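One structure is given below, encoded as structure tokens.
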Amino acid sequence: MEKPFTRDVSLAVNVLRHNGIVAIPTETVYGLAACALDEQAVLRVFDVKNRPRDHPLIVHVSSLDQARQWGVFTKEAMLLAQRFWPGPLTLLLKKTSIVPLWVTGGRETVALRMPDHVMTLSLIEDLGEPLVAPSANRFGQVSPTTAQHVLDDLGEDVDLILDGGSCNIGVESTIVECISDVQILRPGAITKEHIEEELSASVSNISGPSRAPGMMKSHYAPQAKVVLVASRKQADEQAGLLSGEGFKVCVLDEPDLVQFARTLYTQLRQADIDHNDVIVAVLAPPGGIGDAINDRLTKAAADSASDRETGLFKQ
Ligand code: TXA
Ligand code: MG
């Protein structure tokens, strides 16, 4: 079968206008896009991902004017959008009446983001309407950061893959709620420090399942078990012990944190391709983008932890 890749934005416009779904590149991870106003196409996105329909989707826009038609911007939201868009920041706002409930899982809030990728920005601009785009992986799995990852995960379930190369940032956008308070619901490359500096105020970091549905304890999970350690020395010790017990083990350790984020999901995928039983990952120092890396690693490790307690490793 010919690969469904293209670099031609007009082909993607055409598929989306005809109720199709298209994988799109962004600076964070690849998204699985449908026109936000097209109920059938949006429901297909949920189905292809195996995602529960009450887990709301992020709406991707190409201009601030368009965003303001979809969400109610507070002063803080406006400051953050002006400073960080296009970029890896999603704003959670009160929705306007345009926003269909099939996008928000029935909620009165909407998540909005302007991605920083030239192909996807021109796609949204040419369409003249926003796109929903959850990460283009099956529910709970590792997000894709290349067109090939999308094909590996979704195969023929996606109509077209717009190939915009490898994602530059590599982890999903920071989600910031700007309704009554400003709160970080998911850490990303726009850090707590960046946001506090722009707003000249301290903000809380309350990422967790209660606020943004779909952010469960276990997520971003490879097949191999993920074991977290604090230093390279501990990683080598753990790897030695586990190898001694007969497990195939690899170590994830990248002191350059920008590079760590950029390659994290590729490395988790590669560990599975190489049939590792266990991935021993060295946590990043906290703060900055280290918070996003550790958040994803902790979720990737979540079901491993309970298995380890019972002494079981997945075969
Ligand atoms: O970087 C990203 O944000 C990528 C790219 C493709 O843009 N997208 C992405 O989408 O990560 P997804 O669906 O995998 O994650 C979206 C998160 C979910 O945890 C969802 O619960 C939260 O955003 N979210 C979206 N709308 C929301 C709402 N109205 N209220 C609370 N949480 C919301
Ligand atoms: Mg996702």
Side-chain angles (χ1 to χ4, degrees), residues 21-34 36 42 45-46 48-62 70-72 84-96 99-117 119-121 123-124 130-145 149-150 153-154 161-162 164 167-179 183-190 206-221 261 265 292 295-296 299-300:
I21 59 174
V22 175
I24 57 167
T26 82
E27 78 282 33
T28 57
V29 300
Y30 273 72
L32 181 59
V42 172
V45 166
F46 280 101
V48 165
K49 275 189 66 89
N50 303 324
R51 176 170 169 136
R53 289 192 177 169
D54 61 350
H55 285 183
L57 304 174
I58 298 177
V59 173
H60 294 64
V61 297
S62 60
W70 285 64
V72 180
F84 296 113
W85 280 0
L89 173 74
T90 294
L91 295 172
L92 185 65
L93 308 175
K94 251 180 86 177
K95 81 175 198 68
T96 63
V99 183
L101 292 174
W102 59 75
V103 167
T104 67
R107 286 157 195 267
E108 288 304 315
T109 55
V110 66
L112 293 173
R113 126 169 170 86
M114 192 193 299
D116 188 13
H117 194 291
M119 282 173 153
T120 291
L121 282 175
L123 172 61
I124 300 168
L131 293 173
V132 293
S135 51
N137 52 281
R138 310 265 185 211
F139 190 59
Q141 306 282 307
V142 178
S143 297
T145 55
H149 291 165
V150 177
D153 285 0
L154 303 182
I161 300 174
L162 190 58
C167 299
N168 190 36
I169 287 175
V171 291
E172 298 80 356
S173 61
T174 309
I175 303 181
V176 181
E177 178 180 308
C178 291
I179 298 177
Q183 292 175 328
I184 299 175
L185 304 189
R186 178 174 74 183
I190 304 293
I206 52 150
S207 66
S210 54
R211 304 307 299 270
M215 284 201 270
M216 14 262 285
K217 221 172 108 231
S218 159
H219 212 147
Y220 316 103
Y265 292 150
D295 172 72
R296 304 313 189 270
K299 285 173 179 148

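Counting starts at 1 for both ligands and their atoms, in listed order. The structure presented is a predicted model; accordingly, all values stated were derived computationally and were not measured.
- Annotation: Arg51 places an N or O atom under 3.5 Å from an N or O atom of ligand 1; distance criterion only.
- Residues meeting the side-chain hydrogen bond (donor to acceptor under 3.5 Å, both in side chains) test with Thr26, sequence neighbours left out: Thr28, Arg113.
- Within the 4.0 Å heavy-atom criterion, neither part of His55 lies near ligand 1.
- Listed by number with element, the atoms of ligand 1 under 4.0 angstrom from any heavy atom of Ile175 are 17 (C), 22 (C), 23 (O).
- Among Ala133, Pro25, Ala33, the residue whose heavy atom lies nearest to atom 8 (N) of ligand 1 is Ala133.
- When non-hydrogen atoms are compared, ligand 1 lies under 4.0 Å from neither the backbone nor the side chain of Glu177.
- Separation of atoms CD1 (Ile206) and CD1 (Ile184) is listed at 9.5 Å; rounding is to 0.5 Å.
- The line from OG1 of Thr104 to CG of Leu57 is 9.0 Å long, rounded to the nearest 0.5 Å.
- Of all atoms in ligand 1, listed by their number and element, those nearer than 4.0 Å to a heavy atom of Pro134 are 10 (O), 12 (P), 13 (O).
- The proximity of Arg186 to ligand 1, defined as any non-hydrogen pair under 4.0 Å, is limited to the side chain.
- Atoms of ligand 1 found under 4.0 Å from any heavy atom of Gly31, numbered from 1 in the order shown, are 6 (C).
- Considering backbone and side-chain atoms together, Thr28 places an N or O closer than 3.5 Å to an N or O of ligand 1.
- At a heavy-atom distance under 4.0 Å, atoms from both the backbone and the side chain of Thr109 approach ligand 1.
- Contacts between Leu92 and ligand 1 below 4.0 angstrom, taking non-hydrogen atoms only, involve the side chain exclusively.
- Near Ser173, meaning under 4.0 Å from one of its heavy atoms, ligand 1 places the atoms 1 (O), 2 (C), 3 (O).
- In this structure, a donor-acceptor pair under 3.5 Å is present between the side chains of Ser143 and Glu172.
- Counting backbone and side-chain atoms alike, Ser143 contributes no N/O/S atom closer than 2.8 Å to the Mg ion (ligand 2).
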